[in-house]
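Okay, structure first, notes after.
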Amino acid sequence: MTTIDDYVGALKRELRDQPGWIRRREATGLREHLDELPSEAIGQLQAPDLYAREYRTQLDLRTRRLDGWRRASWPRRISIIAFVIALVAVVVIPPAIAHYQPVSINVYFGGPDNVPSHQDHDATVYSFREGGTIKLGMDIRNSGRFAATITSLEDAGELGPFRPTAARQTARARVDSRYAFPRGRPAPSR
Amino acid sequence: MQQTELLKGVLDLAVLGAVGRGESYGYEVLQALAAVGLEAVGDASVYGSLKRLEARGYLRSRLEASPQGPARRYYARTAAGGTWFRQTVLVWRRFSSAIDTVLEEGQGT
């Protein structure tokens, strides 16, 4: 047996391209109208879908383009948003991780000005006396927002002496207490 | 041709006429139309027409509680509805007369 709920449900489906407030308004109005009909009159109405279609043709409602987003329920919309976010994450995050390198290294070399040197092809060769001083320095700079742990260095070839190969920001940097010194103070001479 | 197709252009006029000068509710309008031979007009069309006329300002409505059953919505013409009704009746009479003339001439040949 067809009930008033069937007619109201059919009308909501018929008006699914309309904003929610119009659907609610019309559904409420139709329920109110059908409630006042005698039960024998309800039995003589058209089928719910036909009734809803005929009723809609009487309303001055502009047909709105149906799109998947408007038709979707809120749980479905949330699942679509989650899917899009997951898809973007899968596409963007792995390359970003693979290319993320916040640590740069600068190695410098120095010695007394009177250390004799000569060019050998592309290289500068320094000749140190016994007891002479060689100064080697290395700046390691983390320009990223996170603490980094350098796990290895490799020969960078023409780009420089070393290149950090496994610097990741996942763990807080550990400082070996043997080499730590207070910030802002010069490193102790060794 | 179906009666409903012929009625498309004049349904609002018929409904406004059925509402009359006083107040009427949806089912009463439907019965009034059926009583004069417009039984093919469905409840959905009549109810839709009432809502449309109300939205256009030609009808106003009020909900009245009923001791026997659910509340009933009564419709009445507004001043704008009365003006539109009188003007459209004149248009309809000219139109109807013209169609009658054409039909009579068509039958006579």
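In this text the structure is predicted, and so the values were computed from the model without any measurement. Chain identifiers are assigned alphabetically (A, B, ...) following the order of the sequence lines, protein sequences preceding nucleic acid strands; residue numbering begins at 1 within each chain.
Closest heavy-atom contact between B/L11 and A/Q58: CD2-OE1, 3.4 Å.
Between the B/Y47 side chain and the A/Y55 main chain, no donor and acceptor come within less than 3.5 Å of each other. Between the side chain of A/Y51 and the backbone N or O of B/G42, no donor-acceptor pair lies under 3.5 Å.
In this structure, the separation between OH on B/Y27 and CD on A/E36 is 11.0 Å, given to the nearest 0.5 Å.
In this structure, chain A has a heavy atom under 4.5 Å from the side chain of B/L63, while its backbone stays farther away. Looking at A/L11, there are no atoms closer than 4.5 Å to chain B (heavy atoms on both sides), in backbone or side chain.
Residues A/E32 and B/R73 are paired through a salt bridge, judged by an N-O separation under 4.0 Å between the basic side chain and the carboxylate.
Ranked by heavy-atom pairs under 4.5 Å with chain A, the list B/P70, B/G26, B/S45 is led by B/S45.
When the side chains of ILVMFWY residues are joined at heavy-atom separations under 4.5 Å, either directly or via intervening members, A/I97 and A/V90 end up in two distinct hydrophobic clusters. Hydrophobic cluster membership is shared by B/Y58 and B/V89, with clusters built from Ile, Leu, Val, Met, Phe, Trp and Tyr side chains linked at under 4.5 angstrom. Under the 4.5 Å side-chain heavy-atom criterion for Ile, Leu, Val, Met, Phe, Trp and Tyr, A/L50 and B/V41 are members of distinct hydrophobic clusters. Note on A/V92: it clusters hydrophobically with A/V84, by side-chain heavy-atom contacts below 4.5 Å among ILVMFWY residues. Under the 4.5 Å side-chain contact rule for hydrophobic residues, B/V91 and B/V10 do not share a cluster.
The side chain to side chain contact (heavy atoms under 4.5 Å, CB included) test with A/H33 is passed by exactly one of B/L50, B/V46, B/D43: B/D43.
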